[in-house]
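First comes the structure, then the notes that go with it.
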Number of protein chains: 2
Amino acid sequence: MTALPPTRSRKAQIDGTATALFHARGFAATSMRELATAVGLEAGSLYSHVRSKEEILHRVCFGLAEEFFTAFDAATAATQQPVAQQLRQAIEAHVGVLTRDVAASSVFLHEWRHLSEPARTEFVALRDRYEAGFRALIQQGTAAGELRCPDPVFAALTLLASLNWLPTWYRPDGRLSPEDIAHRLAEQLLSGLAN
Amino acid sequence: MTALPPTRSRKAQIDGTATALFHARGFAATSMRELATAVGLEAGSLYSHVRSKEEILHRVCFGLAEEFFTAFDAATAATQQPVAQQLRQAIEAHVGVLTRDVAASSVFLHEWRHLSEPARTEFVALRDRYEAGFRALIQQGTAAGELRCPDPVFAALTLLASLNWLPTWYRPDGRLSPEDIAHRLAEQLLSGLAN
DNA sequence: TTTTTTTGCTAACGAGCGTTAGCAAGTATA
DNA sequence: TATACTTGCTAACGCTCGTTAGCAAAAAAA
């Protein structure tokens, strides 16, 4: 039926296109008919590949959660390293995931609230656990005297905030590579602006 | 008709409730019927006070834009001060607006994309102009040797990112006052985490 | 070959959407 | 008092939504 077999499965293509649309317009403002058109199908045909609109959102959100965890664990596996170094690597890992797929990251960060229960609660728990990882690093670093901060909870929030704004301005064809960005972010967050 | 006359006008009440709903569920996922119920009216009755759903969003977004500009201008009016000090005040002013109305801030930050043209383009221009204000301060500060940063554009983005994440975690009844938060944020962003 | 699975179509379902028309009662103005 | 404005109601408009049923053709499996 298809002229050339798609390199990605239809399902993956639908997920990818949906991610882009959710990113651009938001989950609630994206219709299945829009998605179908963007993918070259009729609306009803989507349901041969996908159970529901929310299932797509679920897959994107939880898929990215897994990516973040994997990246974080790899970055902090070498526990004999100085904690500040581990933190720097965790930052770079986080930025790596964000830049690899900006649309998916953005959906992960903003559209998860359209998940219905119990998925929504599960997701929030995952996200909290991830944040706790950063918080723990900052705490350890402070205890070890490598970092200085009056309030690790606060510091973790601020740090992730800076990183998570990235999908709103990052462009893959921009002048800075993902590695540059990661490096500068880590540098600036750890050193501050003051002279 | 009403037992006790509302202290705010109905229109203001509708705007406020809509802001809370847009914040909680998002603009697209909030229905006029939901809003009507929350405000104690029937759906059709809203239109005695409000021209359209989007008009509410427009008022919230542009209203907050004005608040941000006013606060920034006041914070940086004393141009004879050191630029780093002006920047600190601008940060505190920004946090002040954010914490004064978290829901409205959140709508300002996230829901503006549901504005239709030409309002949307106007809004983006306003927002860019606001960011440019921070960028200029950082640039001046760097030129004057008060600040140190390799890339003011980048620094401005990061700085506003940290601040703008606040509405996602700030609770008015939390353990830190808005002033504490503003002060700590400014401190941390200017000084960094490293020791 | 026959059978099964996959993929896609058309048509339609019930529901909810933003919004409007027409009307009534209350309130303010004259 | 008469007049106008404000506020709210009910009912409904046209439309879009997510989703399903039923069917056909292609692809894969037997």
Side-chain angles (χ1 to χ4, degrees), chain A residues 1-22 24-61 107 111-117 119-120, chain B residues 1-22 24-61 107 111-117 119-120:
Chain A
M1 187 176 266
T2 47
L4 66 169
T7 163
R8 289 189 300 175
S9 76
R10 258 279 136 96
K11 188 169 171 178
Q13 188 197 355
I14 291 172
D15 281 3
T17 309
T19 301
L21 287 172
F22 293 168
R25 307 198 210 300
F27 175 78
T30 302
S31 76
M32 290 300 268
R33 283 168 179 84
E34 239 181 320
L35 171 56
T37 302
V39 103
L41 290 177
E42 292 301 315
S45 309
L46 290 172
Y47 291 83
S48 296
H49 306 275
V50 143
R51 227 183 305 275
S52 70
K53 186 185 177 187
E54 181 170 342
E55 191 212 29
I56 306 176
L57 180 62
H58 188 285
R59 208 163 27 243
V60 176
C61 288
V107 171
E111 305 300 325
W112 57 266
R113 49 202 196 119
H114 295 106
L115 291 168
S116 51
E117 297 297 350
R120 190 185 150 122
Chain B
M1 188 175 268
T2 45
L4 65 169
T7 164
R8 289 188 301 175
S9 76
R10 259 276 135 97
K11 188 168 171 178
Q13 189 197 356
I14 291 172
D15 281 3
T17 309
T19 301
L21 287 172
F22 293 169
R25 307 198 210 302
F27 175 79
T30 302
S31 77
M32 290 301 268
R33 283 168 179 82
E34 238 180 319
L35 171 56
T37 302
V39 102
L41 290 178
E42 292 301 316
S45 310
L46 289 172
Y47 290 84
S48 296
H49 306 275
V50 143
R51 227 183 304 276
S52 69
K53 187 183 176 188
E54 180 170 342
E55 191 211 30
I56 305 176
L57 179 63
H58 187 285
R59 207 164 27 243
V60 176
C61 287
V107 171
E111 305 299 327
W112 57 267
R113 47 202 197 120
H114 295 106
L115 292 168
S116 51
E117 298 298 350
R120 190 185 150 122

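Letters A, B, ... mirror the listed sequences (proteins, then strands); counts begin at 1.
Between the base of C:dG16 and the side chain of B:Arg33 there is no donor-acceptor pair shorter than 3.5 Å.
Note on A:Ser45: every side-chain N or O is 4.0 Å or more away from OP1 and OP2 of C:dT7. Taking 4.0 angstrom as the limit, B:His49 places a side-chain polar atom (N or O) nearer than this to OP1 or OP2 of D:dG8. For A:Arg51, no side-chain nitrogen or oxygen approaches OP1 or OP2 of D:dT19 to under 4.0 Å.
To the nearest angstrom, P of D:dA12 lies 19 Å from OH of B:Tyr47. We find that CD of A:Glu55 is positioned 12 Å from P of D:dT20, with the value rounded to whole Å. A:Ile14 places its CD1 atom 15 Å from the P atom of C:dT6, with the value rounded to the nearest Å. In this structure, A:Leu46 atom CG and D:dT20 atom P are separated by 12 Å, rounded to whole Å. At whole-Å resolution of the value, CG in B:Leu21 and P in C:dG18 are 12 Å apart. The interatomic distance linking A:Ile56 (CD1) with D:dG18 (P) rounds to 10 Å, in whole Å. When rounded to the nearest whole Å, the span between NZ of A:Lys53 and P of D:dT16 equals 15 Å.
No donor-acceptor distance shorter than 3.5 angstrom exists from the side chain of A:Arg25 to the backbone of A:Ser31, with no hydrogens or angles considered.
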Side chain to side chain contact (heavy atoms under 4.5 Å, CB included), that's the test. Do B:Arg51 and B:His58 meet it? Break it down for me. CA-CA 11 Å; B:Arg51 227 183 304 276; B:His58 187 285; over 6 Å; no

With side chain to side chain contact (heavy atoms under 4.5 Å, CB included) as the criterion, how do A:Arg59 and A:Val50 come out once you've worked through the C-alpha distance, each side chain's angles and the decisive distance to 0.1 Å? CA-CA 11 Å; A:Arg59 208 163 27 243; A:Val50 143; 3.8 Å; yes

What's the verdict on side chain to side chain contact (heavy atoms under 4.5 Å, CB included) for A:Leu41 and A:Arg10, showing C-alpha distance, side-chain angles and the deciding distance? CA-CA 10 Å; A:Leu41 290 177; A:Arg10 258 279 136 96; 3.4 Å; yes

Could you give me the CA-CA distance, side-chain angles and deciding distance for B:Lys53 and B:Leu35, then say whether side chain to side chain contact (heavy atoms under 4.5 Å, CB included) is met? CA-CA 10 Å; B:Lys53 187 183 176 188; B:Leu35 171 56; over 6 Å; no

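B:Leu41 comes within contact range of the sugar-phosphate backbone alone, with a heavy-atom separation under 4.0 Å but no base atom that close. Residue contacts shown for B:Ser48 include a base, since a base heavy atom lies under 4.0 Å away.
Candidate nucleotides D:dT19, C:dG18, C:dG8 were compared by shortest atom distance to the side chain of A:Met32, and D:dT19 ranks first. For A:Arg10, the listed nucleotide lying nearest its side chain is C:dG8; candidates were C:dG8, C:dT20, D:dT20. In the set C:dG8, D:dC9, D:dT19, D:dC9 carries the atom at the smallest distance from any side-chain atom of B:Glu42.
Nucleotides of DNA chain D nearest to B:Ala43 and A:Phe27 differ in position, and the one nearer the 5' end is that of B:Ala43.
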